[in-house]
Amino acid sequence: MRELELLELNLRKKSPKTQATYRCVAKRFLEFAKGDFSRTKLLLFLEDMEKRGYSANSVRLAYYTLARLYKAIEIPYPLDRDDLVPPPSGEELFTPTLSKEEIERLILCAKQERSYWASLAFLSTVYGLRSIEMTNVLLSGGTLKVTVAKKKRKTIRSHLIPPGMERWLNGYVRRKEWTVSNTFHKLCRQAGVEERGGAWHSVRRSLNTQLKLAGLPREAVIIFLRWEKPRGEMDTTYFHLPHDEIDRMVFAKHPFLGYWM
């Protein structure tokens, strides 16, 4: 498509990952629009994304991507900020998008399907790994090492692997983030679980909520899920249990660990 070639020229200073993301969104829109670049067609495309379960952040990304596309093909962009989906509130960010029963179905399906699926489902449901974190996990001597996302500096976090569960990681291989995310969509379809946006992050949100409901200290949940510590909160700053003790504390009340037995 000529439009995609012009967009790529416009994005030449962006990172390869950003270019790939913008190209994917633009290609979907061009196939949807079929040559119609009107305001109505744009709004229908964004509305269709919402109906298909894409998160508010994904729809906002599409808005900015298409603005870049229109600039590249020299057509006035017919939308403004008032047409944007509002960003999710703090409460919405922590609302689980998959129920405990749905995650059980995902796990049971992953255990019966391909070993790579099982490895990602294990990493997600046990540790709440983000998609980007699942692209580069190192396994060694009963522990796994994760390059933590959302950090200004590169940080490696070690997690214990519960005894006897190393087998679920035998199928793990390093693959790109797109492949990791796409595996979630395939697993949902196979397990008959309705997606409501967020990909593997929807499992992370559910795990975050269930760990809190299990009565674990808030500080332990923050550290276990590799959140950045809130600034100025002394209770979190002075919570200094070793990571292996925090892992054992969490495993004792983990909501999804029993599904892997």
Side-chain angles (χ1 to χ4, degrees), residues 1-89 92-93 95-98 102 105-106 109 117 120 124 130-132 134-135 149 175-206:
M1 298 179 183
R2 175 61 177 166
E3 294 88 353
L4 288 181
E5 293 176 1
L6 292 172
L7 176 63
E8 289 172 352
L9 287 173
N10 185 269
L11 296 172
R12 60 186 179 277
K13 294 184 179 180
K14 296 290 185 180
S15 69
K17 180 180 176 181
T18 298
Q19 291 181 34
T21 300
Y22 276 44
R23 178 184 174 85
C24 180
V25 174
K27 183 179 180 181
R28 288 206 310 267
F29 170 71
L30 291 170
E31 292 172 349
F32 180 90
K34 294 182 172 56
D36 183 353
F37 295 96
S38 66
R39 171 183 168 83
T40 300
K41 201 67 173 182
L42 265 172
L43 290 174
L44 285 174
F45 177 74
L46 297 177
E47 181 182 341
D48 181 66
M49 287 186 67
E50 292 183 58
K51 289 179 179 178
R52 291 167 59 190
Y54 284 88
S55 67
N57 281 338
S58 295
V59 178
R60 290 171 67 83
L61 173 62
Y63 170 93
Y64 288 113
T65 299
L66 297 178
R68 198 88 184 217
L69 172 66
Y70 274 60
K71 179 180 179 180
I73 61 179
E74 299 182 343
I75 295 178
Y77 196 48
L79 302 184
D80 55 39
R81 290 180 180 273
D82 291 339
D83 298 305
L84 268 173
V85 178
S89 66
E92 290 172 329
L93 285 173
T95 300
T97 56
L98 293 179
E102 288 172 320
R105 285 160 57 189
L106 284 181
C109 180
W117 288 19
L120 295 191
S124 176
R130 304 171 176 93
S131 294
I132 187 64
M134 287 194 279
T135 64
R175 290 182 178 167
K176 294 182 179 179
E177 187 176 0
W178 172 257
T179 302
V180 170
S181 298
N182 198 38
T183 299
F184 175 80
H185 303 311
K186 291 179 179 179
L187 180 57
C188 280
R189 289 195 294 270
Q190 189 72 17
V193 171
E194 179 185 356
E195 294 182 51
R196 292 185 287 280
W200 290 110
H201 212 85
S202 62
V203 178
R204 177 178 170 83
R205 292 172 184 170
S206 290

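Only this structure's heavy atoms are used, side chains among them; waters, hydrogens and symmetry mates stay out. From a predicted model like this one, the values you see are computed outputs, not experimental measurements.
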Handout entry: From Leu4 atom CG to Arg23 atom CZ, the distance as rounded to the nearest 0.5 Å
Key = 4.5 Å
Exercise for the section: With the side chain counted from C-beta on, respond yes when Arg28 and Val25 share a heavy-atom pair under 4.5 Å apart, and no when they do not. Expected result: yes
Exercise for the section: Cation-pi check, Lys41 to Phe32: give yes when NZ or CZ is under 6.0 Å from the six-membered ring centre and within 45° of the ring axis, no otherwise. Expected result: yes
Problem - Interatomic distance, Lys17 atom NZ to Glu177 atom CD [nearest 0.5 angstrom] - result: 4.0 Å
Handout entry: Main-chain N/O of Val180 paired with Trp200 side-chain donor or acceptor, under 3.5 Å
Key = yes
Exercise for the section: Check for a donor-acceptor pair, side chain of Tyr70 on one end and backbone N or O of Phe37 on the other, with a separation under 3.5 Å. Expected result: yes
Problem - Under 3.5 Å: donor-acceptor pair, side chain of Ser181, backbone of Trp178 - result: no
Handout entry: Ring centres under 6.0 angstrom apart (Tyr63, Tyr77)
Key = yes
Problem - Leu46, Thr65, Leu66 screened by side chain to side chain contact (heavy atoms under 4.5 Å, CB included) with Phe29, the one that passes - result: Leu66
Problem - Min side-chain heavy-atom separation Lys176-Thr135 under 4.5 Å - result: no
Exercise for the section: Provide the closest heavy-atom pair for Cys109 versus Gln190 in the form atom of the first, atom of the second, distance. Expected result: SG-CG, 3.4 Å
Problem - Arg12 (side chain) donor-acceptor with Leu9 (main chain) under 3.5 angstrom - result: yes
Exercise for the section: Measure from the side-chain N and O atoms of Gln19 to the backbone N and O of Lys14, and report whether any donor-acceptor pair falls under 3.5 Å. Expected result: yes
Exercise for the section: May I ask you to decide whether Glu5 forms a salt bridge with Arg2, counting only side-chain N to carboxylate O separations under 4.0 Å? Expected result: yes
Handout entry: Exceeds 12 heavy-atom contacts within 6.0 angstrom, atom CD of Glu74
Key = no
Handout entry: Min side-chain heavy-atom separation Phe45-Asp36 under 4.5 Å
Key = no
